[in-house]
> 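My structure is below; once you've seen it, I'll send some questions.
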Amino acid sequence: MVNQTKQAELSKDTLVAMYQEMLLARRIDERMWLLNRAGSIPFVVSCQGQEVAQIAASYALNKDEDFVLPYYRDLGVVLHFGMTVKEVFLQAYGKAEDPNSGGRQMPSHYGQKKNRIVTGSSPVTTQVPHAAGFALASKMEKRNVVSFVTLGEGSSNQGDFHEGLNFAAVHKLPMIVMVENNKYAISVPLSRQVACENISDRAIGYGIPGVTVDGNDALEIYRVVKEAHERALNGEGPTLIETISYRLTPHSSDDDDMTYRTKDEVADHRTLDGIAQFRDMLIEQGYLTEAEDQEIEEKIKQEINEATDYAENAPYAGVSTLTDHVYGQGGE
Amino acid sequence: MVNQTKQAELSKDTLVAMYQEMLLARRIDERMWLLNRAGSIPFVVSCQGQEVAQIAASYALNKDEDFVLPYYRDLGVVLHFGMTVKEVFLQAYGKAEDPNSGGRQMPSHYGQKKNRIVTGSSPVTTQVPHAAGFALASKMEKRNVVSFVTLGEGSSNQGDFHEGLNFAAVHKLPMIVMVENNKYAISVPLSRQVACENISDRAIGYGIPGVTVDGNDALEIYRVVKEAHERALNGEGPTLIETISYRLTPHSSDDDDMTYRTKDEVADHRTLDGIAQFRDMLIEQGYLTEAEDQEIEEKIKQEINEATDYAENAPYAGVSTLTDHVYGQGGE
Amino acid sequence: MAVLTYIQAVNQALREELERDEKVFILGEDVGQRGGVFLATDGLYEQFGEERVLDTPLAESAIAGVGIGAAMYGMKPVAEMQFADFIMPAINQIISEAARIRYRSNNDWNCPITIRAPYGAGVHGGLYHSQSIEAIFANQPGLKIVMPSSPYDAKGLLKSAIRDEDPVLFLEHKRAYRLLKEEVPEEDYTLPIGKAETKRSGEDVTVITYGLCVHFAKQAAEKLEQEGISTEILDLRTVYPLDQQAIIEAASKTGKVLLVTEDNKEGSILGEVAAIISEHCLYDLDAPVKRLAGPDTPATPFAAPLEKAFLVNADKIEQAIRELAEF
Amino acid sequence: MAVLTYIQAVNQALREELERDEKVFILGEDVGQRGGVFLATDGLYEQFGEERVLDTPLAESAIAGVGIGAAMYGMKPVAEMQFADFIMPAINQIISEAARIRYRSNNDWNCPITIRAPYGAGVHGGLYHSQSIEAIFANQPGLKIVMPSSPYDAKGLLKSAIRDEDPVLFLEHKRAYRLLKEEVPEEDYTLPIGKAETKRSGEDVTVITYGLCVHFAKQAAEKLEQEGISTEILDLRTVYPLDQQAIIEAASKTGKVLLVTEDNKEGSILGEVAAIISEHCLYDLDAPVKRLAGPDTPATPFAAPLEKAFLVNADKIEQAIRELAEF
Ligand SMILES: Cc1ncc(C[n+]2csc(CCOP(=O)(O)OP(=O)(O)O)c2C)c(N)n1
Ligand SMILES: Cc1ncc(C[n+]2csc(CCOP(=O)(O)OP(=O)(O)O)c2C)c(N)n1
Ligand SMILES: [Mg+2]
Ligand SMILES: [Mg+2]
């Protein structure tokens, strides 16, 4: 449930803008599945169920200064940090103009230097030490900049999680680690991934604060990320935040989740959808009318249509570029 | 201080035997330094300051069934599990008869299958997942066997610590992890290795019990390891134990610790030596007389002399054996 | 005899070994209820239970390391790396531990673990679901690396790997999983690790290769036969340690040698093959040894045209054989 | 000009680069107050403070990974692996990340990190303080591997590595640290990465090698000169990617080629060198390419007699050159 007592910090306009971004991420993701099932794009890996956490957290960051190290589900984060809808579709199609990788990486492997979205890979959790490196560098340069890194709860079992958090804690680095706990790592449920109550219980082992929040509670997520951000800027070191949500789609378009969970389980969680809750709250509060909501949906749809068309028709990188950029061309 | 109210569990004879083993480890280690400084052996890495914890913990294990995965300082553990003094000197000299490796590994890289001392390497912390593997296998075979693994506090920052403990916790494996916190990782003090209060604070992140004990308090260590052992045998999973001690020697014979700590700091800790405390307690309790203590010292000295002579005169492995045992010879 | 795909052959080998020896067990990510993301372990969780087909936490160093511990204990673990690309976090365990255990303990301990991993490109996997990783490990005494080229070989070699008393890295080409089908005996059989196999006998040009490229080489050879070019194909099968004798014989036989790999050219295992040939066959060669391999760029881009340009295929092999034949 | 040991030359290069560019910083285990276990960073903590000479927790994947993050940010980190053997836990960061960052981002990001590590045997280090590790990495496009053979080269190449805009693995032979001394200019100079260097000109036999083995090869060549055998020595300096042109020229010049490495024979980088020669120099060779390397056993036992038996030395090189000369 959305906690209404905490809205004070955020204006009506901001709340509506947040809603728009959540919805945009969701609608893009839905379109990706349609395109995949129609055979137009080979692969989708979804944000569905995690948009609220991603957008709420992003709003608590400084989008003009901070570095983000998103993982493959973080469509919400990268949209907030400035990737355009067109660019998102270009990467889904793997076209030359894709700013993430020019079609070299699989979809959802984000990276865009001008927006401080740090390039990511497929092996999970390698981005956690990188985030510590960005935080270390900005601390060395005495800049007021935070690095924000995300990962799944399954990925929090990798050695790099431990090593990266410990390093950041010892050196009191301005870093926020957000674990988006969606209860599954592909087919493996939380109970076979970890034996602790909360992923945030791992924080004490690094001597840093750890918080678990409802991943559908935008205002609470905003609050804890904002606090973590302040601590980071104050030189008080990193924070570990866990958002609890549920993966509403199969792991990816290559997965068949019905081999390990039931339709009912998924359906139950769909009824708790955080975006719908957020919209209801906005309507209840009088911040949004049904008509305005419809307008938003329309605008999003049009933007997505245009982006799809553009990306679909855009050229692939030429074969002669295959060997470009293995190394730089000299100079520093 | 030795807590006298907890002796009940251990008989006088056992306590005296424990003392003898601690002292034996210490005296062997001291001899190694003499041999090294005299140019007879190229390398020493010491147990000094950690013998009490090693012997007390070993007594809480089942030395006829359990598997131990010691690290390089665990001379006490391997002596208790059956490695002879002669064998210890053979490995220090790197001679053919060394049961650990036939002179292939550096000193203190223990391993002896008949005594269930699992072969170890130099890269720290790799033994933690191995211990989980032994625990998993014995659980699969429904045997009442525990795996006991140790490491330094610096080494608890390696990814393998995290991955190994998490695995063992999720699968509720009969494993005891003992971190011998001696305040330094070579030159790096605890405060630059971790930011948590206790290494045992990491346990909650795996949903398992974590305990910190005074590494000079033999009876308390015995008690917590015994409890962990019972939990393991009851199917309640792993335990993380931290013993707090102080590294009384330089990191190794290649180290000069005066470049990063003071003589005074080391001298202060020498006055708290756990073995001396333990002897004093035995004498106070009337379990040991000064004369008996002297006899023990004499016996140890003679054993060490004999072992040194033997090892010094033993042959190296022949050069023709260099390429032996890279692979097995067939069969299963 | 049933016709099986490559992945079915893997699955059958696993099933039969689990049935044969209760020390055998499987561990990895999603290998349990899901049956593996490629279905290599399909049905095994149901048949053997969760104790013998273990879903692990997402942590490759632990998968390898726990397997190594269990193997030292005396079990026969078969660890799965979901993609070969994700073996990287486990390299310390595989190289520093598994490969060194027998030698460092002077034969006191050993480590009979099998580590399976799907490698290779051609399924739009992008940079991190496409790599050839064998070269990283092909310099580690104590380790064996097996890369079967067909369903029949996959079954027989996987059984040998599981029964081997030393660690075996078992690399399966993920595009072969569904692409390759052939008759595979239902009964138990094993194939020798450490031995290359002549897949085709010929007189004009020798192709030495392994894995999925054997399939492409066969296609090329069949086509060239119609032009009167006769091709010998040696399938390395075990890429470390190499079967030197077989390489020397195959190279000497025709005097014209084409080495093929999907891996990047520089530093691939073909370098070692070329070195063996240049040490032993100088006077038997009628042409310089030729290598056909991927370019020296990360394997491989996601975009289909770039992926295709990266990969070795039957046409490229055919062209290279023809050039050698005409040399 | 001062005579410096190899380790002093490394130290001087680090000091000068820290002075020159405030984006340069050092991180690793015991690099601070202790000055490094080999004293590579001696005095730097005192001069530049703990912010620029960082003692890290004992965790190599973090040392590499944090360095990679800082490098992407725009810093010039120099990460130390205490022993090359302990780079294994960091391989995922080095191969999957550092080496791939420029390519995968289509040139948007890059990763100018230098990773230094002492490799090699001869100091009673046993199995885990003795290994040659270059072959593990010598198949990874995006990475460069530099292995200097002398103090002069170490200083000039380390400066180039630090200034390089891409990741460089910089491997220093730990026995060379105190064994090798020579005049090293106090002023700033750099040496080119990617280029081999002819260390000695000769007519009868070409030795191609790198690292400490260059020193042994020189000793052997001097001795053989008195017998009238003239030896060309090519120092690879950068072992990945290789300087093909220099290899081809050096091999063709004498037609008799000895390749030398301290690494295990099978799968060492010499395989690639041999492959280049066999592709390009077949008709210039007067004898089969010969390799002198360690045996295929884990490097290397602790016991002195076994260690000695494992290692390449000047005598073994001399013998091999003589055999080739007499061929
Ligand atoms: C090192 C590594 N091992 C395995 C994989 C394959 N893989 C991709 S996503 C995934 C599950 C991730 O689960 P979680 O961290 O919970 O994130 P989620 O997908 O649930 O958001 C796995 C096993 C990988 N990408 N990297
Ligand atoms: C993976 C790895 N990195 C580095 C080293 C070098 N090294 C050996 S011991 C040591 C310090 C260990 O400290 P700690 O874990 O606290 O154990 P202690 O020696 O204090 O008992 C280091 C850095 C190593 N052996 N393995
Ligand atoms: Mg998840
Ligand atoms: Mg310590």
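In the text below, chain A, chain B and the rest are named by the order of the sequence lines, each starting its count at 1.
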> Which one of D:Arg100, D:Gln131, D:Glu266 has the most heavy-atom pairs closer than 4.5 Å to chain C?
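Top count of heavy-atom pairs under 4.5 Å with chain C: D:Glu266.
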> At a heavy-atom separation under 4.5 Å, does C:Ile87 approach chain D through its side chain, its backbone, both, or neither?
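Looking at C:Ile87, nothing touches chain D.
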> Using the rule side chain to side chain contact (heavy atoms under 4.5 Å, CB included), only one of C:Ile247, C:Leu285, C:Leu324 pairs with C:Val257; which is it?
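Testing each of C:Ile247, C:Leu285, C:Leu324 against C:Val257, the sole residue satisfying side chain to side chain contact (heavy atoms under 4.5 Å, CB included) is C:Leu285.
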> Quick one: what part of D:Asn106 sits under 4.5 Å from any heavy atom of chain C, side chain, backbone, both or neither?
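Neither part; nothing is under 4.5 Å.
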> Which answer fits C:Gln244, side chain, backbone, both or neither, if we ask what part of it has an atom under 4.5 Å from a heavy atom of chain D?
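It is neither, since no heavy atom gets under 4.5 Å.
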> Between D:Ile276, D:Leu259, D:Asp263, D:Ile269, which residue shows the highest count of heavy-atom pairs closer than 4.5 Å to chain C?
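Most pairs with chain C among the choices: D:Asp263.
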> For D:Gln140, which atoms come within 4.5 Å of any heavy atom of chain C: side chain, backbone, both, or neither?
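Looking at D:Gln140, just its side chain touches chain C.
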> Can you tell me which portion of D:Ile94 sits under 4.5 Å from chain C's heavy atoms? Options are side chain, backbone, both or neither.
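It is neither, since no heavy atom gets under 4.5 Å.
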> Go through D:Arg291 and C:Glu279 one step at a time and tell me if the salt bridge (Lys or Arg N to Asp or Glu O under 4.0 Å) criterion holds.
CA-CA 8 Å; D:Arg291 285 186 290 173; C:Glu279 282 174 333; 2.9 Å; yes
> Mind telling me whether C:His129 and C:Phe83 have parallel, tilted or perpendicular rings, with 30° and 60° as the class edges?
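Perpendicular.
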> Have D:Tyr210 and D:Thr261 got a donor and an acceptor in their side chains that come within less than 3.5 Å?
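The criterion, which ignores hydrogens and geometry beyond distance, is satisfied for D:Thr261 and D:Tyr210.
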> Could you have a look at D:His280, D:Glu60, D:Lys265 and say which one has the most heavy-atom pairs with chain C under 4.5 angstrom?
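The residue among D:His280, D:Glu60, D:Lys265 with the greatest pair count is D:Lys265.
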> Under 4.5 Å from any heavy atom of chain C, what part of D:Phe86 do you find: side chain, backbone, both or neither?
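D:Phe86 has no heavy atom closer than 4.5 Å to chain C.
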> Is any side-chain N of the basic residue among D:Lys256 and D:Asp204 closer than 4.0 Å to the acidic one's carboxylate O?
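No, no charged N to carboxylate O under 4.0 Å.
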